[in-house]
Protein chains: 2
Amino acid sequence: MAAQPKQQTATASHRTPPVHTDPDEVSLETALLALADPVRQSLVRELAGAGDWERACGSFDVPVTKATLSRHFAVLREAGLLEQRDAGPKRLNRLRRAEFDARFPGLLDLVLRQDTTA
Amino acid sequence: MAAQPKQQTATASHRTPPVHTDPDEVSLETALLALADPVRQSLVRELAGAGDWERACGSFDVPVTKATLSRHFAVLREAGLLEQRDAGPKRLNRLRRAEFDARFPGLLDLVLRQDTTA
DNA sequence: CGGAGTGTACGCAGATCATCGAACACTCGG
DNA sequence: CCGAGTGTTCGATGATCTGCGTACACTCCG
């Protein structure tokens with residue numbers, strides 16, 4: 001965290017800057033719907049296993065194409081589940097764990113506990 | 001449990017007896033999907049406000065027809081969220097609160113807290 | 001400046017879901 | 001035994017969602 005010469009600005013690589021939604025403005029229905037999808041569950045779990053801003057969008061191991069993956073990230077963003085920041089051509093992610101947990105206590109934990117069993 | 005002259009048997013009024021699914025056999029995805037629907041959220045909340053076996057299927061205040069309502073109850077049943085018992089021509093309901101909460105801690109509370117705000 | 005790498009936007013196909021009306025099944029009371 | 005009350009099943013419809021390929025935008029490196 002020393003003085004770095006503007007490594008990542010606000011809007012960087014893509015047509016549109018990431019649009020974030022605060023967890024406080026998210027309905028329970030939206031949150032449940034976002035977390036119900038298996039692919040998005042994987043994303044959230046992998047994200048939780050890594051540190052903030054450590055993973056770029058393309059670095060996740062899910063069986064979908066880039067286009068679909070991008071859509072899933074948009075859904076998670078709109079559900080207040082993650083924050084994104086552009087760093088060069090990459091888009092880094094952060095799980096909004098504390099904020100989301102404050103809005104929907106216990107919900108994220110359910111997904112992270114991997115209870116996808118039966 | 002005194003000797004009652006068969007007030008309610010297993011299969012009673014309808015073509016098929018109610019098919020129940022244990023919460024333990026329910027996937028997180030199924031649970032989230034079941035609770036994501038606004039109509040089903042209403043049903044669960046109304047059910048939580050009443051005692052066990054107090055409410056028949058037709059006694060709920062939701063803006064759908066009987067056919068749709070019946071389907072919603074089936075979904076909730078398959079998600080391990082409620083138990084049904086036939087009593088005469090009526091089908092009484094019970095929220096499987098403890099069982100479901102043991103399987104998905106905190107999930108039901110989120111819905112019951114009426115956090116449907118924004 | 002051109003090419004590789006990264007991510008988004010735009011349709012389009014397929015599946016799933018909520019909804020309804022109508023027909024059916026069952027129980028109970030007269 | 002018939003009619004009112006209750007709930008399910010069936011088939012159809014419209015909306016929504018996931019998935020894809022393709023085209024595009026932007027950054028960085030040589």
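Computed over heavy atoms, backbone and side chain alike; hydrogens, waters and symmetry mates excluded. First the proteins, then the strands, lettered A, B, ... as listed; each starts at 1.
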A/Leu107 and B/Leu32: side chain to side chain contact (heavy atoms under 4.5 Å, CB included), yes or no, with the steps? CA-CA 10 Å; A/Leu107 182 50; B/Leu32 294 178; 4.1 Å; yes

Before giving the answer on side chain to side chain contact (heavy atoms under 4.5 Å, CB included), spell out for B/Leu82 and B/Phe100 the whole-Å C-alpha distance, their side-chain angles and the decisive distance to 0.1 Å. CA-CA 9 Å; B/Leu82 59 84; B/Phe100 191 86; over 6 Å; no

Audit row: B/Glu78, B/Thr30, side chain to side chain contact (heavy atoms under 4.5 Å, CB included) steps and yes/no: CA-CA 8 Å; B/Glu78 286 159 26; B/Thr30 299; 5.8 Å; no

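Taken to the nearest 0.5 Å, the CG atom of B/Leu92 stands 11.5 Å off from the CD atom of B/Glu83. A distance of 7.0 Å separates CD in B/Gln41 from CG in B/Leu35, rounded to the nearest 0.5 Å. With rounding to the nearest 0.5 Å, the separation of CZ in B/Arg71 from CG in B/Leu76 is 12.5 Å. Atoms CZ and CG, from A/Phe104 and A/Leu81 in turn, are 8.5 Å apart once rounded to the nearest 0.5 Å. Atom-to-atom distance recorded for B/Arg113:CZ and A/Leu28:CG is 11.5 Å, nearest 0.5 angstrom.
Remark: P of C/dT8 and CG of A/Leu92 are 12 Å apart, rounded to the nearest angstrom. Whole-Å rounding puts the A/Leu32 CG to D/dC17 P distance at 14 Å. Between the C1' atom of D/dT6 and the CD atom of B/Gln84 lies a distance of 13 Å, rounded to the nearest Å. The interatomic distance linking A/Lys90 (NZ) with D/dC29 (P) rounds to 11 Å, in whole Å. The CG-P distance, from A/Leu43 to D/dT18, rounds to 12 Å in whole Å. Rounding to whole angstrom units, CG of residue B/Asp86 and C1' of D/dG5 are separated by 14 Å. Spacing between atom CG of A/Leu33 and atom C1' of D/dT18 amounts to 13 Å, rounded to whole angstrom units. Counting to the nearest Å, the C1' atom of D/dT6 and the CZ atom of B/Arg55 are 15 Å from each other.
Listed candidates were C/dG7, D/dC20, C/dT27. Nearest to the side chain of B/Pro89 is C/dT27. Relative to the side chain of B/Val39, the nucleotides D/dT6, D/dG19, C/dT19 differ in distance, and C/dT19 lies closest.
With A/Arg40 contributing its side chain and A/Ala34 its backbone, the two residues share a donor-acceptor pair below 3.5 Å.
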Output a table of nitrogen or oxygen pairs between the protein and nucleotides 14-16 of chain D separated by less than 3.5 Å.
none

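Across the interface with DNA chain D, nearest-nucleotide mapping of B/Ser59 and A/Asp37 shows B/Ser59 to be the residue nearer the 5′ end.
Near DNA chain C, defined here as any heavy-atom distance below 4.0 Å, the residues from residues 66-80 of chain A are A/Lys66, A/Ala67, A/Ser70, A/Arg77, listed numerically.
Two different hydrophobic clusters hold A/Val75 and A/Leu112 under the rule that ILVMFWY side chains link at heavy-atom gaps under 4.5 Å. Note: the hydrophobic cluster containing B/Leu47 also contains B/Leu69 (ILVMFWY, side chain heavy atoms under 4.5 Å, direct or indirect links).
Helix bend of the helix from C/dC1-D/dG30 to C/dG30-D/dC1: the angle between its two end axes, each built from five pairs, comes to 10° after rounding to 10°.
In this model, the phosphate group of D/dG19 is not approached by any side-chain N or O of A/Thr65 to a distance below 4.0 Å at OP1 or OP2.
A/Asn93 pairs with exactly one of A/Gln84, A/Arg55, A/Glu54 by the side-chain hydrogen bond (donor to acceptor under 3.5 Å, both in side chains) rule, that one being A/Gln84.
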